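For the numbers below, each heavy atom of this structure counts, side chains included, while hydrogens, waters and symmetry mates do not. Model, not experiment: these values are computed from the prediction. Letters go in sequence order (proteins before strands), and every chain restarts at 1.
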Protein chains: 2
Amino acid sequence: MKKYTIKDIALLAGVSKGTVDRVIHNRGNVAKDVEEKVKQLLEEINYQPNLIARNLKNNKVFYIGVLIPDPKIDAYWAVCIDGINSALSEFSAFDVQINTFLFDPTDTDDFLACNDTMLKTAPDVILMVPLFYKEATSVLKHYESLNIPVGTFNNQIISSSANFIGQDLYQSGRIAAKLLHSISNKGDMAIVHIDEKYKNAVHMQEKEKGFKSYYDDMDLFEDSVLTCKIKYFETEDKLRDFLNNHPHIEGIFVTNSKAFHVARLLESENKTHIKLVGYDLLSDNVNYLNSGTIDFLIHQNPRQQAYLGLKYLIEYLVFDKQIPEKFLLPIDIINSENVTPFLRP
Amino acid sequence: MKKYTIKDIALLAGVSKGTVDRVIHNRGNVAKDVEEKVKQLLEEINYQPNLIARNLKNNKVFYIGVLIPDPKIDAYWAVCIDGINSALSEFSAFDVQINTFLFDPTDTDDFLACNDTMLKTAPDVILMVPLFYKEATSVLKHYESLNIPVGTFNNQIISSSANFIGQDLYQSGRIAAKLLHSISNKGDMAIVHIDEKYKNAVHMQEKEKGFKSYYDDMDLFEDSVLTCKIKYFETEDKLRDFLNNHPHIEGIFVTNSKAFHVARLLESENKTHIKLVGYDLLSDNVNYLNSGTIDFLIHQNPRQQAYLGLKYLIEYLVFDKQIPEKFLLPIDIINSENVTPFLRP
DNA sequence: TCATAAATTGTGTTCGAACACAGTAATGCG
DNA sequence: CGCATTACTGTGTTCGAACACAATTTATGA
């Protein structure tokens, strides 16, 4: 129960605290038999250093580089800033300095340029959204060679050793399927990919796979699952054609945060009987959720992703904790009745 | 940007660190003009004491009394222990000592007895589940007179000033209604209260109110909402009668964690077409969720409730943080596809 | 005026880990 | 043997806040 200090161990071993310290940090210059004895004692009483005292002495400032898409260009990322601030205030006792860089999520060159700018601030660790697979891969390799630990979220770059926070996208597609299946009439199901100009193809593919796997498992031969890919600028027309060509559609799954586009069309075309499931608590989506046109939203929790990613990095810096390789957040199902508490900062 | 220390302020004010310290802690014995000057300086540079250094000196051990129902008697409470351990390991750097007491959730006398035993350990703060309204009220009043801060969760004792962590039960009932409404065929809805011998009447009433309010809002005159109260020991017979007497029931809402009892009956009576929504991720419930007899579970997250309650108390002790009066957790909707990550410790 | 009390201010130590540096003992080598 | 070198060990200081206590200044009264 009692908390042992270095002094206690020194007393027990009959040596000075300096020697104990040398043993703990493997700093050498200790006689073999003494080292053995001290190590055994440390083991026996399961010595845990007082992290408070350690951090009082190590009064150096840690610099963290954060690289995320600009919320002014895509509102989805706005809540990440909140998550970062949460982690920051949680560790306000420590000297952690954050430099945030916002890149244009439609521009790979800007992504690379921001990485360069960030490197100039000599960060001890980096938290980033590796939005572009190819560019991110090379950037991450570079950081690895510089021995800068990196945390990533939202997009997983499997080739990298960087830590990753996100969700199981395949499972997320299955959840959408289960929800639509449980609330829809018999009929066709549509998966709608609305491309946002930038590469989240992997995201959408995984979700589609999961969605289809659920319907495969169900052996619902009478219903078919259709897929519709739409470029951002042609959403309305193409979607209208798609719905007219497939009059038996009873449910739509939008694989990203743009479900509100579909909702708008369903309302204007008087097809609100079609059930709609999408992603993310953007205010546009939440409005359609409350009006009933969107039935469920799946919450990808970017706020929590950013928070956790940063927390792991800070704990690595100040407590020498191991950074977990991967952490998959639980997937929240949101409807009009439980949405409110998820919106608060 | 720079972090100022007491020494810095002393230097700037042309006094000694002792004087600055006296000003900060209003310990008197400072000339008025000097006090003014130092206070102004502190204000100007927005002095924030280094919490690490403060806690190094304050090396006293904090004792926390925890009082929760015995998980051996009701499995619902088992995950609370995990939550407590999480909070504990998060603050392992500080000398926080926890004494946990488990009371019989069917026995008010045991609750009172455990409170007495706990008081003998002279706790600095207390975290408890105030399961019995009357007894808890008097106990909380006693702690207030002893100036022992108390955190409560699961049950709110409105008359008390103790902090409370929980969920909005009324809203939780509305969520159940929304879910059942979206997945059920037209027909009657049943609210089933399975009494567990001990008093959670307030819980169940609030949930019922919320449930009904949703159906009232919907103006669903054709469907009626029935209520069925069942004593624990007569569950099966009474429920069977109830279902036989009301053949048009299409959905059942069980207001506590005992939905598995209803699920078992639905299976044995071949009435699995009836949709079922209940509470809590007990393994019995999860099994029926996976088999499809239970459609949704609402997650009350007792683990998180315990974790947060304890976290607030510890932060109060070690960082002098204000304990928030009330915190309502978001309400998680669980189906068979997203349940897994919620089950991990 | 001077002793004494009261008011005010400064100094030094503590907490535990980390590390610089001084000190002691053992060994090597001419 | 004597001096240097290596091998090992102990001491002292630092981080920032907190507080005990010493020191100093000012006020009071005989």
side-chain hydrogen bond (donor to acceptor under 3.5 Å, both in side chains) between A:S160 and A:E144, worked out: CA-CA 9 Å; A:S160 163; A:E144 197 165 352; 5.1 Å; no
Rounded distance in Å - CZ (A:R22) to C1' (C:dC21): 11 Å
Evaluation steps, side-chain hydrogen bond (donor to acceptor under 3.5 Å, both in side chains), between B:E90 and B:Y307: CA-CA 10 Å; B:E90 188 174 323; B:Y307 165 79; 2.4 Å; yes
For B:S86, all residues meeting side-chain hydrogen bond (donor to acceptor under 3.5 Å, both in side chains), sequence neighbours excluded: B:R303
Ring-ring centroid check B:F132 B:F111, cutoff 6.0 Å: yes
Sugar-phosphate only, base, or nothing, as touched by B:N50 at under 4.0 Å among non-hydrogen atoms: sugar-phosphate
Span of DNA chain D, from the first to the last nucleotide whose atoms fall under 4.0 Å of chain A heavy atoms: D:dC8 to D:dG16
Carboxylate-amine/guanidinium contact A:E35 A:K39, below 4.0 Å: yes
Closest-nucleotide ordering on DNA chain C, the 5'-leading residue of A:Q48 and B:N29: B:N29
Distance flag, aromatic centroids of B:Y316 and B:F62, threshold under 6.0 Å: no
Closest-nucleotide 5' rank along DNA chain D - winner of B:R27 and B:K7: B:K7
Sugar-phosphate only, base, or nothing, as touched by A:L56 at under 4.0 Å among non-hydrogen atoms: base
First encountered from the 5' end of DNA chain C, between B:V15 and B:K57: B:V15
Atom pair distance, as rounded to whole Å: CG in B:L11 and C1' in C:dG10: 14 Å
